[in-house]
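A short write-up of the structure that comes next.
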Amino acid sequence: MKETRYPVEITLGGNTRIYSPEFQAEEQYAAAWKRVLLLSHGKAEVRCCCLGPGDKRLSIHSRSNSDAFHLARFPETGPEHSEDCIYYGVDPNMSGLGAYRRGVVQELDDGNVKIKLKVGLQQRAATAPQEEQTGTSSEAKKPAGRGRPGQASMTLLGLLHYLWTEAGFHTWSPSMQGKRNLGVLHYHLLQVASSTYAGKVRLSSNLLIGTPTAAGRQAELNKAKAVEAMNRRRRLVIVAPLAQYQAGMEEGSRLPISGYHGIPHLQVTREIWDVLQRRFVSELNSWMAGDQVVAIVQTDVPTPATGSMQARVVDAALMVTTPQWIPVDSGYEAAVVAALVAENRRFEKPLRFDAGEDRVFPDFWLRDRAEDLPMEVWGRTDPDYIARKEQKIVHYDEKYGPGKWWQWDATTGSAIPPFP
């Protein structure tokens with residue numbers, strides 16, 4: 001996760017100085033750092049001193065309606081920074097993020113991001129979403145159910161993948177062991193949403209996230225934002241794990257979530273359940289089998305209920321994750337994640353967003369080698385899947401060389417091969 005502030009190098013008038021993370025962030029240096037940024041604004045060349053591979057140019061911005069200044073990376077330069085750097089951004093070409101049309105995910109000059117959602121946060125839906133409105137995430141679904149290439153907007157599932165990716169929960173390194181829980185998830189997803197705009201609306205204003213306890217700031221924020229949405233007639237977006245499955249839950253009038261503190265009761269119709277059964281049958285089956293499944297829902301404007309609030313679900317998407325909160329598309333992938341974690345490996349799960357089947361990227365990237373190594377888990381035997389498998393094998397052999405990428409054909413019953 002992006003938590004490290006590195007020194008920055010500022011060159012002005014032929015003179016170069018390096019400013020430490022402490023000087024940039026600590027209160028005792030706030031006035032002096034502000035003066036440096038003021039004098040450098042629009043005149044200096046600024047670079048981050050992290051260990052990333054690129055030029056790592058930064059820009060100085062003044063905040064509107066104030067005399068404060070801040071640094072931001074240049075648009076589309078996130079991959080130039082090291083992964084732990086606060087200015088790091090994922091390479092869109094390594095996942096489905098790169099499949100959107102230009103402008104769907106737009107990095108702004110001030111470091112914020114603007115996204116174009118399929119259904120706006122201030123728009124009321126009259127009917128339940130149609131099946132073609134989102135792509136599918138599961139290996140068990142037909143390829144035709146996935147997003148189309150060059151998507152012109154982001155679906156709800158795409159938004160969940162975006163939040164997960166930007167927060168870094170699609171990655172794993174041994175240092176993360178024991179440091180991920182619902183409270184940590186809430187914090188980092190909200191951080192991403194705070195710098196993300198859907199149209200003119202800051203996403204964090206409408207985003208409620210599961211939290212482990214009823215007491216504390218996170219639950220209070222959820223409740224306050226729900227009340228504000230009711231007063232301003234705004235939709236809500238809610239991200240939370242499904243509650244532990246009990247028989248009949250999939251037919252109830254409420255969407256059962258855990259970490260529900262401060263979140264309105266989520267009213268769900270039979271029509272929404274039917275849509276979930278068509279789009280996310282694999283995820284529902286995983287939930288019923290006891291696996292961890294995260295839901296993202298979009299609601300209508302919340303309304304008062306006896307002693308609380310309620311909101312009608314107008315769209316929903318599901319994503320299976322491991323106990324480490326790493327998304328997976330099958331039980332075979334979950335087994336690979338467990339093995340990688342047990343061997344203290346560093347890896348990444350690229351998410352599909354709304355990309356079409358023509359977009360080629362692996363099930364995992366192994367990130368602790370000199371060069372990133374693609375990993376494929378073959379889990380089906382139907383003709384369409386086999387044809388696609390053969391195409392991907394040709395692609396990997398041409399790009400990386402035969403035998404220079406990892407694969408496991410789980411359908412043969414063989415054990416997981418050793419990792420490089």
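Atoms considered below: every heavy atom in the structure, side chains included; atoms not considered: hydrogens, waters and symmetry mates.
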What's the separation between atom [atom1] in [X] and atom [atom2] in [Y], rounded to the nearest 0.5 Å?
| X | Y | atom1 | atom2 | result |
| --- | --- | --- | --- | --- |
| L236 | E228 | CG | CD | 10.0 Å |
| S20 | Y29 | OG | OH | 7.0 Å |
| L117 | T155 | CG | OG1 | 9.0 Å |
| Q310 | T299 | CD | OG1 | 11.0 Å |
| Q24 | L37 | CD | CG | 8.5 Å |
| Q244 | S258 | CD | OG | 9.5 Å |

Min side-chain heavy-atom separation [X]-[Y] under 4.5 Å:
| X | Y | answer |
| --- | --- | --- |
| L157 | R352 | no |
| M230 | M309 | yes |
| L182 | T211 | no |
| W408 | S414 | yes |
| M288 | E250 | yes |
| P212 | Q218 | yes |
| F347 | V336 | no |
| R359 | N93 | yes |

Within the side chain of [X], is there an N or O that forms a donor-acceptor pair under 3.5 Å with the backbone of [Y]?
| X | Y | result |
| --- | --- | --- |
| R180 | Q324 | yes |
| W164 | L189 | no |
| E333 | D329 | yes |
| H186 | I209 | yes |
| W406 | P418 | yes |
| H61 | D109 | yes |
| W378 | T412 | no |
| K225 | L207 | yes |
| H170 | H161 | no |
| R202 | S194 | yes |

Are there more than 12 heavy atoms of other residues, nucleotides or ligands under 6.0 Å from atom [atom1] of [X]?
| X | atom1 | result |
| --- | --- | --- |
| Y396 | OH | yes |
| K392 | NZ | yes |
| Q246 | CD | no |
| R270 | CZ | yes |
| F69 | CZ | yes |

Using the ring of each side chain (for Trp, its six-membered ring), is W33 parallel, tilted or perpendicular to Y19, with breaks at 30° and 60°?
->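 Correct class here is tilted.
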Between [Y] and [X], does any NZ, NE, NH1 or NH2 come within less than 4.0 Å of an OD or OE carboxylate oxygen?
| X | Y | value |
| --- | --- | --- |
| E80 | K56 | no |
| E107 | R73 | yes |
| D409 | K389 | yes |
| R346 | E83 | yes |
| E22 | R5 | no |
| R312 | D300 | yes |
| E76 | R102 | yes |
| R278 | D274 | no |

Of all heavy-atom pairs between [X] and [Y], which one has the smallest distance, and what is that distance?
| X | Y | result |
| --- | --- | --- |
| F353 | G158 | CD2-O, 3.7 Å |
| H81 | T77 | CD2-O, 3.5 Å |
| T411 | G379 | CG2-C, 3.5 Å |
| Q151 | D354 | CG-O, 3.1 Å |
| D363 | V377 | OD2-N, 2.7 Å |
| I326 | W172 | CD1-CB, 3.7 Å |

Consider only side-chain N and O atoms of [X] and [Y], and report whether a donor and an acceptor are under 3.5 Å apart.
| X | Y | value |
| --- | --- | --- |
| W405 | E376 | no |
| N181 | W325 | no |
| T171 | E348 | no |
| Y6 | D84 | yes |
| N112 | S195 | no |

Worked verdict on L340 versus L366 for side-chain contact (heavy atoms from CB on, under 4.5 Å) | CA-CA 9 Å; L340 287 166; L366 194 57; 4.0 Å; yes
Report the C-alpha distance between V328 and V337 in whole Å, list the side-chain angles of each, state the deciding distance to 0.1 Å, and finish with yes or no for side-chain contact (heavy atoms from CB on, under 4.5 Å).
-> CA-CA 8 Å; V328 290; V337 167; 3.8 Å; yes
Per side chain to side chain contact (heavy atoms under 4.5 Å, CB included), R388 is matched among D382, I393, V360 by V360
For the pair Y197 and I115, evaluate side-chain contact (heavy atoms from CB on, under 4.5 Å) and give the outcome as yes or no after the intermediate values.
-> CA-CA 6 Å; Y197 286 82; I115 60 176; over 6 Å; no
Please determine if K349 forms a cation-pi arrangement with F364, meaning its NZ or CZ atom is less than 6.0 Å from the six-membered ring centre and no more than 45° off the ring axis.
-> yes
Test side-chain contact (heavy atoms from CB on, under 4.5 Å) on I296 and I238 and set out the steps.
-> CA-CA 6 Å; I296 182 170; I238 295 162; over 6 Å; no
Verify side chain to side chain donor-acceptor pair (under 3.5 Å) between Q292 and T321, making sure each step is shown before the conclusion.
-> CA-CA 6 Å; Q292 184 168 266; T321 71; 2.8 Å; yes
